[in-house]
Structure formats: C-alpha cells, structure tokens
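Notes for the one structure printed next.
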Amino acid sequence: MILVCGAPEDLTVTLVRDRLEQTHRQYRLIDLAAYPYGYTVDWVWDSNGPVPHGSIAGPDWTIDIDEVSGVYVRYPAGNWSVRSSAVPSDLQDTLHQEAHFGLAALLEDLPCPVANRRQPGMANHSKPYQELEIRASGLQVPRSLTTTDGRAALEFFEACDRAVVIKSASGALTPVRRVSLADLEVLESGVTPVYLQAYVPGDNVRVHTVAGRVFATRCISTAVDYRYSADEGTTTRLEPTEVPGWVAAACLRLGGGLLIAGIDLKQTPDGQYFCFEVNPAPVFAWYEQYTGQAIGLALVEALSNAAIE
Amino acid sequence: MYLLIGSDADAVCRSVARALRERGREPFIDDNPTLAPFPRSRLEGVLVCQQGAPVPASPAADRQSAAARLEARAALLAMLWALECPVVNRTRADLWYRARRSLVEWHSVLRRHDLAPAAGQITNSVAAARRFASAWHGHAIYRPLSSRARYPLDSEAQWQEFARVLMHLPGCLIEPLAPPRIFASLIDATVYWSECPSIDSAERERVESGLRQLGKTLDVSVLELELGLRPSSHDSHPAVASACLDLSLDLGRYAVPDQQMMVDDILRLLQATH
C-alpha cells in the first residue's frame with residue numbers, strides 16, 4: 001500500500017495520484033491540508049523491532065504501518081495543518097510543528113521507499129552550504145558571495161562586471177533577480193546576509209533524477225528566473241533535452257540520497273554547465289505537463305519497488 | 001581569535017572563553033556571528049555550542065524578521081563548512097536544522113548504536129496512549145516534539161488533560177524511566193559521567209562504546225546522552241536506557257574536576273592543527 005501525503009489540490013500530488021490510479025496501484029491519501037483532523041495515528045518505537053509499528057486510520061480506512069510499501073510526501077508550504085478555532089491562536093504554530101515533526105519522524109524510519117525523507121534534503125535550506133556539496137559532485141557552481149558587508153557586495157558586483165543575481169540563502173521560495181548598483185548601495189551592513197551569485201547566461205536545464213533515472217528539460221526563457229517569467233512579462237518554453245553523460249552522472253550523485261530530486265542547471269552558450277541547487281521537493285508535474293516526460297510514472301514505479309532502498 | 005557560537009548564559013561558552021583568556025588567547029562569544037563580520041583569516045578555531053536553533057533576541061536580532069534570521073542561519077552553516085581552522089561540533093545540514101530532536105526521532109540511530117532508547121509513541125488516540133502506558137502501570141511521560149517540556153502522566157487528572165491535547169494533535173509519549181537522571185557526555189573520544197549509581201560495568205562500557213560510535217556516525221565531537229534506569233529482570237543491577245540526546249552539554253551536571261578536564265578537552269580540539 002502506497003501512502004500519498006500532501007494537499008489534494010497540489011498539482012504534483014494530483015499527478016502522483018493520477019499515475020498511481022492509471023497503473024492500478026493501491027494508495028491511501030493523508031490530506032495534509034486537514035491532518036491531523038480526521039486521522040487517528042498510533043506509532044510505537046520500542047525494543048520489539050528496528051522500525052516503528054502501529055497504524056494510521058483515515059476517514060474510511062485503516063492500515064498497519066508495516067503494510068506501507070512506499071510513501072510520496074509533499075508538505076504544503078507554510079503552516080499546513082488545518083487551523084482549528086478550538087486551538088488558541090498562539091498555539092497554532094505548535095499544532096503545526098507537532099503534526100509535522102511527528103509525521104516526519106515516522107517517514108524517516110519506515111523501511112520502504114520514501115520520496116523524500118527529510119534528512120538528505122536538508123542541505124537545500126542553505127544554498128551556500130549546498131553549493132559546497134554541488135562542487136564536490138564535480139559540477140561547476142557560479143562564483144558567489146554571502147555577506148553582511150555592503151562594501152564587499154559592491155566589490156563583488158564590480159568583479160562580476162555588474163552581472164549579479166540575488167537570491168535567498170535559505171530555503172525561502174523567492175524569485176531570483178538581477179541586482180543593480182542602486183540595490184547594493186542601500187544594503188545595510190551587518191543586518192541580514194545577502195547571497196549574491198555571478199549571473200550565468202544561457203538556457204536553464206532542470207534535471208529530475210528518479211531512482212537512478214534522469215529526465216532533463218530545457219527551459220527557454222529570457223526571464224532571469226524562468227519560474228516567474230510571467231511576472232517579468234515574458235514566457236517560458238519547456239522541451240525535453242539531453243545532458244552529457246558526465247552531467248547526468250553528477251546529477252545522480254547529487255540526488256543520490258533522494259528518491260526524486262529536481263536539479264537546476266544552466267547551459268551557457270559555449271556549452272558549459274553550471275549547477276544552482278538540488279530541490280528535494282520538486283514540482284515535477286509542471287515539467288511533465290509541458291513535455292510529456294514520464295517523471296511521475298518513474299516515481300510510482302520507484303515507490304512500488306521495495307528493492308530500491 | 002576563537003569564535004564561540006553560543007551565549008554567555010552557556011557554561012561551556014563561558015568556561016572555554018575564560019580558559020582561552022588565561023592562555024592569552026582572544027575569545028569572541030556570539031550567537032549569530034554572520035552579523036558581526038570579521039576577517040576569517042584571523043579565526044584560529046570555532047566552537048559551536050548552539051546549532052541552528054532560533055537565534056536569541058539581541059538588538060540586531062530584534063530588527064530581523066523570522067525570514068531574515070533564516071537567511072542568517074543558512075549563511076552561518078555555510079560559513080562553518082568553508083572555514084579552514086578547527087571547528088568543534090560543526091554539523092551537517094540535517095542536524096543543524098533539527099539538532100534538538102525528540103527521542104523518537106533519535107530512536108533508530110540510538111538503537112543502531114546499542115544505546116537502548118526508551119520506548120516512545122506518537123498517537124492522538126487516548127485508548128492507544130493508555131495501552132502504551134499500561135506497560136508501566138499506567139504511567140508515561142508526555143514530551144511534545146516541539147519543546148523540551150516533560151509532563152508526567154501519573155494521575156487521572158493529568159490523563160484527562162492529555163486527552164484534551166489529543167483532540168487537536170498527536171502527542172508523543174515516552175516510557176517513564178526511574179531516577180536519577182544520569183548524563184554521559186562524549187568529548188572527542190572521552191566519555192564523562194554526571195554520576196554513576198550502581199550501574200553494571202558492562203552497561204557503562206556499552207554506553208561509552210555506543211557514544212563513541214555515535215559521535216563518528218553523526219560526525220560530531222561533543223554529545224550528551226541522558227539516561228535513566230529501567231528495572232532489569234536479569235540481575236540485581238538496573239539496566240540503563242537512553243532518554244534524550246543533545247549536541248551540546250550542560251557543564252553544571254558534572255563534578256568540578258571533570259568540568260575542568262572537559263574544558264581542556266574542548267580546548268585541545270579547538271587548538272588542534274590540521
């Protein structure tokens with residue numbers, strides 16, 4: 001039995017459910033927009049075995065957790081637990097954390113394939129830290145600077161011929177944008193670190209790795225951040241592509257601890273590849289919708305294959 | 001210069017700073033050093049007493065939003081991994097972002113290292129919770145996953161209060177262990193004990209060996225394990241079981257001569273040459 005944990009209205013959760021249904025695989029949904037309301041959980045960690053035991057009951061079903069053969073989880077953004085008017089507002093964050101940490105604790109310890117466990121994806125919460133991991137994989141990363149020093153930021157800007165982007169150093173979802181001299185001149189030193197990267201021209205290439213398989217998608221756009229091309233008044237065209245074998249191998253190394261990973265690359269006009277990040281919760285449905293690449297099918301096959309882990 | 005990431009309220013930070021000063025070295029204690037840029041080339045060693053936990057309030061922190069603090073935490077993790085000087089208790093990202101884990105989150109790793117974790121349960125079913133506690137005559141400890149609080153469930157009134165909690169969220173119950181609370185700290189390869197009641201020497205050896213292996217697995221050099229006693233049916237000595245694991249230690253729990261040796265061990269790690 002496969003568990004799908006996520007908000008039912010989420011595009012990627014919907015696609016995973018569609019693929020499970022198309023391939024006649026049994027699954028149960030834990031609606032994370034409602035959880036824990038409507039669910040009864042009983043998970044025990046004791047000396048009776050190396051993995052937790054117990055059960056999960058949903059609206060009209062109950063399963064023992066040793067029946068769970070695979071898990072796809074996609075945590076909704078922000079505080080995803082349902083807001084209960086019965087819980088004082090100052091305890092709502094606690095409600096969220098308790099529900100989140102408890103579910104994550106179970107998924108971390110299940111012996112079946114889980115897309116994805118939290119641990120191998122935590123590097124994505126620090127982009128400059130992840131940059132060190134990317135370098136170790138053999139892929140190039142753009143020159144970068146993380147600083148709270150306004151003067152150092154200006155020096156970096158000049159050293160990169162004023163072609164610099166600013167992005168979140170943490171896991172916060174914010175658009176990548178070009179910075180101007182005026183942006184840097186108003187930086188207040190010593191307040192918040194900024195993460196600056198040399199701008200890399202070329203086509204974005206999103207590589208999804210799924211249990212050893214590689215799906216590469218070329219994202220053709222004039223926007224600095226193709227995910228937000230509409231905000232910049234431009235469009236993005238997605239098409240299947242190939243990456244050189246050594247790039248694919250490096251991507252597989254980078255995504256190795258994750259059943260599915262979304263790896264952001266850019267191919268420069270002179271054919272170089274730069275890597276920007278490894279996303280442990282990729283919105284692969286968007287790429288699949290536009291290209292027809294069978295990423296979701298590969299994922300449900302991986303979830304059904306106990307031999308993978 | 002030696003950077004001690006933590007606060008003056010932390011006895012380890014304070015003691016290591018004092019020891020450094022006595023040796024003519026310059027310590028610098030800060031809970032968020034990304035806000036106080038200084039030349040990395042001047043750093044001779046870094047001690048991480050506080051992982052990526054929420055940054056305590058300070059004049060600078062007050063001005064920051066929660067998002068800005070996340071940025072600072074992300075930057076600090078990367079800075080620690082980019083340094084070339086010794087960094088004591090630098091952690092991987094997964095530990096950095098969730099260093100203070102509940103026992104159930106540590107359960108499998110403690111088991112793998114033969115550190116006999118206490119049993120735990122996550123449930124929102126009162127009946128299941130009662131069933132879990134029945135192994136200890138109806139007693140259990142409620143330990144929320146998002147805090148360090150512990151609420152004993154001994155009386156019917158406490159159980160009824162817990163039942164009200166379960167109406168809104170799953171609760172985490174832990175097997176109650178008998179006092180006293182015992183602490184075993186790993187610093188590099190040495191294990192220090194807070195106190196040792198009548199623990200079998202084989203049990204001590206098991207814990208010390210497990211802690212050393214665990215330090216290697218987690219790639220950290222400072223760990224503190226809280227233990228409690230569990231009645232044993234096999235012999236007169238009670239068995240010890242793990243109740244909590246922490247990546248920082250509370251110096252005040254140890255005998256004064258041991259405290260000095262612990263600080264000396266940390267200094268040795270800080271001043272190690274690569």
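To find a chain, count down the sequence lines: A is the first, B the second, and so on, and within it residues start at 1. Keep in mind that this is a model prediction, so the values were computed, not measured.
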(request) Look at the side chain of B:Ser125 and the backbone N and O of A:Thr40, then say whether any donor-acceptor pair between them is shorter than 3.5 Å. (result) no
(request) Ignoring hydrogens and angles, tell me if any N or O in the side chain of B:Asp94 forms a donor-acceptor pair with the backbone of A:Met122 under 3.5 Å. (result) no
(message) Assess, by modelled atom type and distance only, whether the side chains of B:Ser108 and A:Asp109 contain a donor and an acceptor separated by less than 3.5 Å.
(response) yes
(message) Using 0.5 Å steps for rounding, measure from the CH2 atom of B:Trp81 to the CD atom of A:Glu131.
(response) 15.5 Å
(request) Just do the side-chain contact (heavy atoms from CB on, under 4.5 Å) check on B:Phe132 and A:Val44 with the steps written out, would you? (result) CA-CA 8 Å; B:Phe132 176 77; A:Val44 174; 4.3 Å; yes
(message) side-chain contact (heavy atoms from CB on, under 4.5 Å), that's the test. Do B:Trp96 and A:His125 meet it? Break it down for me.
(response) CA-CA 10 Å; B:Trp96 179 254; A:His125 289 266; over 6 Å; no
(message) With side-chain contact (heavy atoms from CB on, under 4.5 Å) as the criterion, how do A:Ser126 and B:Tyr97 come out once you've worked through the C-alpha distance, each side chain's angles and the decisive distance to 0.1 Å?
(response) CA-CA 10 Å; A:Ser126 170; B:Tyr97 285 107; 3.6 Å; yes
(request) Please determine, among B:Ala129, B:Ser147, B:Gly120, the option with the most heavy-atom pairs under 4.5 Å with chain A. (result) B:Gly120
(request) May I ask you to name which of B:Val104, B:Val165, B:Asn124, B:Leu169 has the most heavy-atom pairs under 4.5 Å with chain A? (result) B:Asn124
(message) Tell me whether the rings of A:Trp45 and B:His107 are parallel (<30°), tilted (30 to 60°) or perpendicular (>60°).
(response) tilted
(message) With a 4.5 angstrom heavy-atom cut-off, is it the side chain or the backbone of A:Tyr195 that approaches chain B, or both, or neither?
(response) neither
(message) Just so I know, are the side chains of B:Arg111 and A:Ser47 near enough to count as touching, which here means a heavy-atom distance under 4.5 Å?
(response) yes
(message) Would B:Arg92 and A:Tyr129 count as a cation-pi pair here, with the cationic atom under 6.0 angstrom from the ring centre and within 45° of the axis?
(response) no
(message) Using heavy-atom distances under 4.5 Å, tell me whether B:Arg112 contacts chain A through its side chain, its backbone, both, or neither.
(response) neither
(request) Flag the one option from B:Ala82, B:Ala119, B:Pro117, B:Ser102 with the top tally of heavy-atom pairs under 4.5 Å to chain A. (result) B:Ala119
(request) Heavy-atom pairs under 4.5 Å with chain A are the metric here; pick the option from B:Pro144, B:Ala116, B:Ala74, B:Cys172 that has the most. (result) B:Ala74
(message) Within the supplied structure, the quantity of interest is the number of heavy atoms (other residues, nucleotides, ligands) at a distance under 6.0 Å from B:Tyr151 OH; does it exceed 12?
(response) no
(message) Quick one: does any side-chain atom of A:Glu98 pair with a main-chain N or O of B:Ser146 as donor and acceptor, under 3.5 Å?
(response) yes
(message) Quick check on the interface: out of A:Pro128, A:Ser168, A:Ala105, who has the most heavy-atom pairs with chain B under 4.5 Å?
(response) A:Ser168
(request) Could you tell me the separation between the CD atom of B:Glu71 and the NZ atom of A:Lys167, rounded to the nearest 0.5 Å? (result) 12.0 Å
(request) Heavy-atom pairs under 4.5 Å with chain A are the metric here; pick the option from B:Leu77, B:Leu173, B:Leu70 that has the most. (result) B:Leu77
(request) For a side-chain contact (heavy atoms from CB on, under 4.5 Å) with B:Pro170, tell me which candidate from A:Leu103, A:Asp42, A:Leu106, A:Val41 qualifies. (result) A:Val41
(request) Check whether any side-chain N or O of B:Gln121 sits under 3.5 Å from a backbone N or O of A:Trp43 as a donor-acceptor pair, and report yes or no. (result) no
